[in-house]
Engineer: 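This structure is in structure tokens; I'll ask about it shortly.
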Amino acid sequence: MTKVKPVLLGLEGGVLTNEERSFFAQLQPFGFILFQRNCLNPAQLKSLTNDLRETVQREDVPIFIDQEGGRVARLKPPCWPDFPAARVLGEAYEKDPASGLHAAAQHAREISFMLSEVGINGNCAPVLDLLVAGASDAIGDRAFSADPDVAAACGRQMVENMMACGVMPVIKHFPGHGRVKIDPHLDLPFVDAPLEVLEQQDFKPFAALRDAPCGMNCHVVFNAIDDAAPVSLSKRAHDEIIRGALGFEGLLFSDDLAMGALKMPIEERGRLALEAGADVVLFCRGVLEESQAFCADLPEISDAASARWERARKQIKNCHCEEGL
């Protein structure tokens, strides 16, 4: 692929500013990620995604969004339909697996068609984290279930059906975010669970979907893995767990490096996350001056990351909708 900077960037509003156009054209980010502030109505959003492609002169530039359903949805009524949270799909599966799988597949397909209509070709979903009693609601009903087998089964349906509809899925948040007591948007969470427990529960859905094309890590310190750094900044977590024990070979995104969990200067975060093992880093706030500072010292995308992205794109091309869903 054309050498680009390994970053997904947010933008300020519903229309590109001249300053953003100039910055994006010169920087050539790997892609973009959109939020509710960017999504006002279908006509406006289609124009914006067209504008982003024209600005970087790449028709295939990845444009992602978080459209899980439930409370994490950037496209909202009245312009777009309301979709249920993942927990609703998991409950359907727990009552009747066949019906639950059908619901998860249909959920993924309908969201994918909606995104494609406005020029969005990637979705940061599904969440494979577990529903854990007593944890922060940072995950909550975004999880399919407390049962890792249910999460894996529903997640598989989401991944395969998004791919079949031409939308790139991103499983999240490696290696399992469900136990946090603090929302990483605000501060850095720590998890004390023993490695054996994590392996038997939290890690299982991610291991089951190790063949997914893309994934996202998390800003969580697992004391059993690396008590000195969150996963997003831990080479040990990437090498020994995500790429090692879990066997994930897809393109790996960092979680948003603008989050409150990280305290170091903005200028250092991207480099540290890439050195730890992320292929592409996210900086989502959309404030131009901050994005410029964040990207100032980023290298070009690595050959390994480019190869992973090409494999991911081939997976999409080779996946076809199944009739009868």
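Just so you know, these numbers come straight off a predicted model, no measurement behind them.
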Engineer: For Q28 and V56, indicate whether the former's side chain and the latter's backbone hold a donor-acceptor pair under 3.5 Å.
Structural biologist: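 Looks like yes, one N/O pair under 3.5 Å.
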Engineer: Keeping T49 on the side-chain end and K46 on the backbone end, is there a donor-acceptor pair under 3.5 Å?
Structural biologist: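 Confirmed, T49 side chain pairs with K46 backbone.
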Engineer: For G14, does its backbone N or O pair with a side-chain atom of Q44 as donor and acceptor, under 3.5 Å?
Structural biologist: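 It does hold such a pair.
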Engineer: Let me have the donor-acceptor pairs involving side chains of residues 176-186, under 3.5 Å, with sequence neighbours excluded, atom names and distances please.
Structural biologist:
| unit_1 | atom_1 | unit_2 | atom_2 | d |
| --- | --- | --- | --- | --- |
| R179 | NE | D202 | OD1 | 2.9 |
| R179 | NE | D202 | OD2 | 2.9 |
| R179 | NH2 | Q201 | OE1 | 2.9 |
| R179 | NH2 | D202 | OD1 | 3.0 |
| D183 | OD1 | H185 | N | 2.9 |
| D183 | OD1 | H185 | ND1 | 2.8 |

Engineer: Can you name the nearest heavy-atom pair linking Q157 to A104, along with the distance?
Structural biologist: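 Result for this residue pair: CB-CB, 3.8 Å.
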Engineer: Return yes if some donor-acceptor pair links the side-chain N/O of R53 with the main-chain N/O of G119 below 3.5 Å, else return no.
Structural biologist: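 Judged by distance alone, yes, a pair lies under 3.5 Å.
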Engineer: Under 4.5 Å between side-chain heavy atoms, counting indirect links through other Ile/Leu/Val/Met/Phe/Trp/Tyr residues: same cluster for I120 and V72 or not?
Structural biologist: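 Different clusters: I120 never reaches V72 through Ile, Leu, Val, Met, Phe, Trp or Tyr contacts under 4.5 Å.
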Engineer: Any ring pair (Phe, Tyr, Trp, His ring centres under 6.0 Å) pairs touching residues 132-172, not counting sequence neighbours?
Structural biologist: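 Output for this query is empty, none listed.
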Engineer: Are L195 and V191 joined in one hydrophobic group, where the rule is that I, L, V, M, F, W and Y side chains link up if heavy atoms are under 4.5 Å apart?
Structural biologist: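 Same hydrophobic cluster.
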Engineer: Salt bridge (Lys or Arg N to Asp or Glu O under 4.0 Å), that's the test. Do R142 and D66 meet it? Break it down for me.
Structural biologist: CA-CA 12 Å; R142 298 169 65 192; D66 295 282; 5.7 Å; no
Engineer: Quick one: do the H219 and D255 side chains pair a donor with an acceptor below 3.5 Å?
Structural biologist: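 Short answer, no.
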Engineer: Decide side-chain contact (heavy atoms from CB on, under 4.5 Å) for L45 and L75; before the verdict, give the C-alpha distance in whole Å, the side-chain angles of both, and the deciding distance to 0.1 Å.
Structural biologist: CA-CA 10 Å; L45 185 51; L75 308 186; 3.6 Å; yes
Engineer: Decide side-chain contact (heavy atoms from CB on, under 4.5 Å) for E68 and K172; before the verdict, give the C-alpha distance in whole Å, the side-chain angles of both, and the deciding distance to 0.1 Å.
Structural biologist: CA-CA 11 Å; E68 299 170 12; K172 58 187 186 184; 2.9 Å; yes
Engineer: Run D226 and K235 through salt bridge (Lys or Arg N to Asp or Glu O under 4.0 Å) and show every step you take.
Structural biologist: CA-CA 9 Å; D226 185 346; K235 184 168 176 54; over 6 Å; no
Engineer: Between H173 and V220, does the side-chain contact (heavy atoms from CB on, under 4.5 Å) criterion hold? Intermediate values first, please.
Structural biologist: CA-CA 10 Å; H173 307 79; V220 179; over 6 Å; no
Engineer: Assess the residue pair F222 and F190 against the criterion (ring-ring contact (aromatic ring centres under 6.0 Å, His included)); give the C-alpha distance rounded to whole Å, side-chain angles, the decisive distance to 0.1 Å, and a yes or no.
Structural biologist: CA-CA 6 Å; F222 291 88; F190 289 74; over 10 Å; no
Engineer: Check whether K5 reaches the backbone of L298 with its side chain - one donor and one acceptor, N or O, closer than 3.5 Å.
Structural biologist: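 Pair found, side chain donor or acceptor close to backbone of L298.
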Engineer: Mind checking whether M168 and V127 sit in one hydrophobic cluster, side chains of I, L, V, M, F, W, Y counted as touching below 4.5 Å?
Structural biologist: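 Different hydrophobic clusters.
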Engineer: Please evaluate residues D239 and R243 with respect to the criterion salt bridge (Lys or Arg N to Asp or Glu O under 4.0 Å), reporting the C-alpha separation (whole Å), side-chain torsions for both, the decisive distance (0.1 Å), and the verdict.
Structural biologist: CA-CA 5 Å; D239 290 351; R243 299 298 191 188; over 6 Å; no
Engineer: After noting the C-alpha distance and the side-chain angles of R271 and E275, does the key distance pass the salt bridge (Lys or Arg N to Asp or Glu O under 4.0 Å) rule?
Structural biologist: CA-CA 6 Å; R271 174 181 56 81; E275 289 175 355; 3.5 Å; yes
Engineer: How close do L9 and P29 get, counting heavy atoms only, and between which atoms?
Structural biologist: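 Looks like CD1-CB, 4.2 Å.
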Engineer: Determine whether a donor-acceptor pair (N or O, by modelled atom type, separation under 3.5 Å) exists between the side chain of D96 and the backbone of S99.
Structural biologist: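 Checking the backbone N and O of S99 against the side chain of D96, a donor-acceptor pair under 3.5 Å is found.
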Engineer: With K204 as reference, evaluate D129, D147, D149 under the salt bridge (charged side-chain N to carboxylate O under 4.0 Å, His left out) test and give the passing residue.
Structural biologist: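 Result for salt bridge (charged side-chain N to carboxylate O under 4.0 Å, His left out) with K204: D149.
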Engineer: State, to 0.1 Å, how close L130 and I139 come at their nearest heavy-atom pair, and which atoms those are.
Structural biologist: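 Reported closest heavy-atom pair: O-CG2, 4.3 Å.
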Engineer: Report yes if some heavy atom in the side chain of P42 is under 4.5 Å from a heavy atom in the side chain of C79; otherwise report no.
Structural biologist: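 Heavy-atom side-chain distance check passes, below 4.5 Å.
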Engineer: Is a donor on one side and an acceptor on the other found under 3.5 Å between the side chain of R269 and the backbone of L257?
Structural biologist: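 Indeed, once roles are kept as given, a pair shorter than 3.5 Å links the two residues.
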Engineer: Identify the two heavy atoms, one from M264 and one from L233, that lie closest to each other, and give their separation to 0.1 Å.
Structural biologist: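 Answer, listing the atom of M264 first, then L233: CE-CD1, 3.4 Å.
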Engineer: For Q106 and E110, which I'm curious about, is there any donor-acceptor pair between the side chains at under 3.5 Å?
Structural biologist: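 E110 and Q106 do have a side-chain donor-acceptor pair below 3.5 Å.
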Engineer: Would you indicate whether the side-chain heavy atoms of L34 and I63 approach each other to under 4.5 Å?
Structural biologist: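 Sidechains of L34 and I63: in contact.
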Engineer: Please report the closest heavy-atom contact between C39 and I65, naming both atoms and the distance.
Structural biologist: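 For C39 and I65, the tightest heavy-atom pair comes out as SG-CD1, 4.0 Å.
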Engineer: Do V221 and M216 sit in one hydrophobic cluster, given that two such residues count as connected whenever their side-chain heavy atoms are within less than 4.5 Å of each other, even indirectly?
Structural biologist: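 Per the 4.5 Å side-chain linkage, V221 and M216 are not co-clustered.
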Engineer: Does the plane of the ring in F248 sit parallel, tilted or perpendicular to the ring in F174? Use 30° and 60° as the thresholds.
Structural biologist: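 Answer is tilted, since the angle falls between 30° and 60°.
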Engineer: If only atom types and distance count, is the side chain of S254 paired as donor or acceptor with the main-chain N or O of L282 below 3.5 Å?
Structural biologist: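 Yes; at least one donor-acceptor contact below 3.5 Å.
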Engineer: When you measure from the side chain of D279 to the backbone of L252, do you find a donor-acceptor pair of N or O atoms at a distance under 3.5 Å?
Structural biologist: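 Pair found, side chain donor or acceptor close to backbone of L252.
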Engineer: One thing to verify: whether R156 and D211 come together as a salt bridge, which I'm taking to mean a side-chain N less than 4.0 angstrom from a carboxylate O.
Structural biologist: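 Answer for the salt bridge query: yes.
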Engineer: Please say yes or no: joined through hydrophobic side-chain contacts below 4.5 Å, possibly via intermediate residues, are L52 and L27 part of one cluster?
Structural biologist: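 Yes, because L52 and L27 connect within a single hydrophobic cluster, where side-chain heavy atoms sit under 4.5 Å apart.
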Engineer: With sequence neighbours excluded, tell me which residues meet side chain to side chain contact (heavy atoms under 4.5 Å, CB included) with D141.
Structural biologist: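 If we apply the side chain to side chain contact (heavy atoms under 4.5 Å, CB included) test to D141, skipping adjacent residues, the hits are R71, A85, R87.
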Engineer: Can you list the steps and then say if F32 with N38 is a side-chain contact (heavy atoms from CB on, under 4.5 Å)?
Structural biologist: CA-CA 11 Å; F32 302 95; N38 311 122; over 6 Å; no
Engineer: Just by distance, do the side chain of Q26 and the backbone of F23 share a donor-acceptor pair under 3.5 Å?
Structural biologist: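 Between the backbone of F23 and the side chain of Q26 there is no qualifying donor-acceptor contact (under 3.5 Å).
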Engineer: Identify the heavy atoms of F283 and D256 that sit nearest to each other, and give their distance.
Structural biologist: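 For F283 and D256, the tightest heavy-atom pair comes out as CA-OD1, 3.7 Å.
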Engineer: Do we see a donor-acceptor contact under 3.5 Å between the side chains of T17 and E12?
Structural biologist: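 Their side chains do not contain a donor-acceptor pair, so the 3.5 Å distance test is not met.
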